[in-house]
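One structure is given below, encoded as structure tokens.
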Amino acid sequence: MKLAILGKYGPYPAADGGTSSYLIESGKTCVSLDFGSGALGKTLKVTGKLPEIIVLSHNHFDHTSDLFPLSYALKKPVRVYMPFDDSPVCDIISTLPIFEPVKISDGMTEKIGCLTFEFVRLPHPIESYGMEISDGKSSLFYSGDTVYDDIIAEKIRDCSLALLDASQPTESALDKPHMSVKEAKTLSDKTGTRVLLTHVHPEFSPEREAKHLGLELAEEMKVYEI
């Protein structure tokens, strides 16, 4: 299984960067995981084709914004797994016939090609999901956007890699709906799981603290073997 980082920033990109968007690939299955700014062009650069299946952790703009230019490019409908909430993003996707929205819910398990997705709801200002993704050989946990929750430790314990929202340096993370670098380190220490930090705020890069704590910061356009 491979993970490509297309965009690692949030809530808006740094210069030449993109917001939350990733590709998960195993065998002939390729799934777009979130679809923030820059995702469409970078997907074409990496795969040479438009996405066929999209999974959204939640409906904030920095995780969904390139769905709208994508709607102009698509020639056939694309399935979008997503929370059904009262957000404007959900309203728009639900009314565009080029998208086929599929509701996700807490505890739901879905087989997508050779990948299995298991969803868990995590704390965020709107309905948001983390997800464990497995191809039967290795597994990845993606937190989406969330504050610290002990259930994350349970979910990542047997995973090969955890892609975590931990974008804020610890001193900047107070009262933010996101985990801190220190909390990501706590999860890594508790479980022994390799942690990759994402959702980096362009004004508060956690790179120095992450390096000091022995954690990795996701690199855009890098492919990680899982």
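For reference, positions follow the sequence shown, starting with 1. Not measured: the values here are computed from a predicted model.
- Between L67 and F99, the shortest heavy-atom distance links the atoms O-CZ, 3.3 Å.
- Judged by distance alone, with hydrogens and angles left aside, the side-chain atoms of S20 form no donor-acceptor pair with the main-chain N or O of G36 at under 3.5 Å.
- With hydrogens and angles disregarded, a donor-acceptor distance shorter than 3.5 Å links the side chain of D165 to the backbone of T146.
- Note that the CZ atom of F61 and the CZ atom of F68 stand 7.0 Å from one another [nearest 0.5 Å].
- The closest side-chain heavy-atom distance from V223 to E25 is not below 4.5 Å.
- Between E209 and K185 there is no salt bridge, since no side-chain N of the basic residue sits under 4.0 Å from a carboxylate O of the acidic one.
- I24 and L161 fall within a single hydrophobic cluster, where Ile, Leu, Val, Met, Phe, Trp and Tyr are joined by side-chain heavy atoms under 4.5 Å apart, directly or via other members.
- In this structure, the side chains of I5 and M221 stay at 4.5 Å or more apart for every pair of heavy atoms.
- Put simply, CD1 on I156 and OG on S188 are 7.0 Å apart, with the number rounded to the nearest 0.5 Å.
- Neither L197 nor L140 shares a network with the other; the hydrophobic side chains, linked directly or stepwise wherever heavy atoms of I, L, V, M, F, W or Y lie under 4.5 Å apart, form separate groups for each.
- Here CG of L6 is found 4.5 Å from CG of L23. Values are rounded to the nearest 0.5 Å.
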Would T186 and Y148 count as a side chain to side chain donor-acceptor pair (under 3.5 Å) here? Give the steps.
CA-CA 10 Å; T186 297; Y148 182 91; 6.0 Å; no
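- Heavy-atom neighbours of D106 CG from other residues, nucleotides or ligands within 6.0 Å: above the threshold of 12.
- The backbone N or O of A73 lies less than 3.5 Å from a partner atom in the side chain of K75, making a donor-acceptor pair.
- Checked by atom type, the side-chain pair S37/Y12 shows no donor-acceptor distance below 3.5 Å.
- In the hydrophobic clustering of ILVMFWY residues, with side-chain heavy atoms under 4.5 Å counting as a link, Y81 and V31 come out together.
- A donor-acceptor contact shorter than 3.5 Å is absent between the side chain of S105 and the backbone of M108.
- The two residues C90 and S94 have their closest heavy-atom pair at O-OG, 2.8 Å.
- Using the six-membered ring where Trp is involved, H58 and H63 have ring planes that are tilted, between 30° and 60° apart.
- Closest heavy-atom contact between S143 and L122: O-CD1, 3.6 Å.
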Run the side chain to side chain contact (heavy atoms under 4.5 Å, CB included) test on T198 and Y9 for me, step by step, so that the C-alpha distance in whole Å, both residues' side-chain angles and the decisive distance to 0.1 Å come before the verdict.
CA-CA 7 Å; T198 192; Y9 290 97; over 6 Å; no
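- Minimum interatomic distance between V181 and P206 (heavy atoms only, all atoms of both residues): CG2-CB, 3.3 Å.
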Might you work through the side chain to side chain contact (heavy atoms under 4.5 Å, CB included) test for E219 and Y224, ending with a clear yes or no?
CA-CA 10 Å; E219 296 182 35; Y224 296 82; 3.7 Å; yes
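- More than 12 heavy atoms of other residues, nucleotides or ligands lie within 6.0 Å of CG in D189, so this atom counts as buried by the packing criterion.
- Remark: F84 CZ is packed, more than 12 non-hydrogen atoms of other residues, nucleotides or ligands lying under 6.0 Å away.
- Across every non-hydrogen atom of C30 and T47, the tightest pair is SG-CG2, 4.3 Å.
- Using a 4.0 Å cut-off between a side-chain N of Lys or Arg and a carboxylate O of Asp or Glu, K190 and D150 qualify as a salt bridge.
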The test is side chain to side chain contact (heavy atoms under 4.5 Å, CB included); show your working for T191 and E154 and say whether it passes.
CA-CA 8 Å; T191 62; E154 296 176 25; over 6 Å; no
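- Note on V102 and V78: separate hydrophobic clusters, where clusters join Ile, Leu, Val, Met, Phe, Trp and Tyr whose side-chain heavy atoms are under 4.5 Å apart, directly or indirectly.
- E207 CD: 12 or fewer foreign heavy atoms inside a 6.0 Å radius.
- Residues T43 and D66 are not in side-chain contact: their nearest non-hydrogen atoms beyond the backbone lie 4.5 Å or more apart.
- We find the NZ-OG distance between K111 and S134 to be 8.0 Å, quoted to the nearest 0.5 Å.
- No option in I152, L163, I133 other than I152 meets the side-chain contact (heavy atoms from CB on, under 4.5 Å) test with F141.
- S26 and D135 share a side-chain donor-acceptor pair at under 3.5 Å.
- Between H201 and H178, the ring center distance fails the sub-6.0 Å criterion.
- For the atom pair CG (L56) and CD1 (I93), the distance works out to 5.5 Å, reported to the nearest 0.5 Å.
- For the pair L40 and L50, the minimum side-chain heavy-atom distance is below 4.5 Å.
- Between F119 and F117, the angle of the ring planes stays under 30°, which puts this pair in the parallel group of the 30/60° scheme.
- Looking at S128, its side chain never comes within 3.5 Å of a backbone N or O of H124 through a donor-acceptor pair.
- For the residue pair E118 / Y129, no side-chain donor-acceptor distance below 3.5 Å is found, with atom types taken as modelled.
- Distance alone, capped at 3.5 Å, places no donor-acceptor pair between the S65 side chain and the D62 backbone.
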Walk me through it: do S21 and L33 pass the test side chain to side chain contact (heavy atoms under 4.5 Å, CB included)?
CA-CA 6 Å; S21 47; L33 181 58; over 6 Å; no
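- The closest side-chain donor-acceptor pair between D145 and H199 falls under 3.5 angstrom.
- The cluster map of Ile, Leu, Val, Met, Phe, Trp and Tyr, joined by side-chain heavy atoms under 4.5 Å apart, puts Y142 and M1 in the same cluster.
- Panel note: side chain S32, backbone I54; no donor-acceptor pair is recorded below 3.5 Å.
- Screening K8, K45, K42 for a salt bridge (Lys or Arg N to Asp or Glu O under 4.0 Å) with E220, the sole residue that qualifies is K42.
- Taking both residues in full, the closest heavy atoms of I226 and S139 are given as CG2-O, 3.8 Å, listed atom of the first, atom of the second, then distance.
- Contact check for L196 versus L217: no side-chain heavy atoms found under the 4.5 Å cut-off.
- Within the model, atoms CE of M82 and CG of D34 stand 11.0 Å from one another, a figure rounded to the nearest 0.5 Å.
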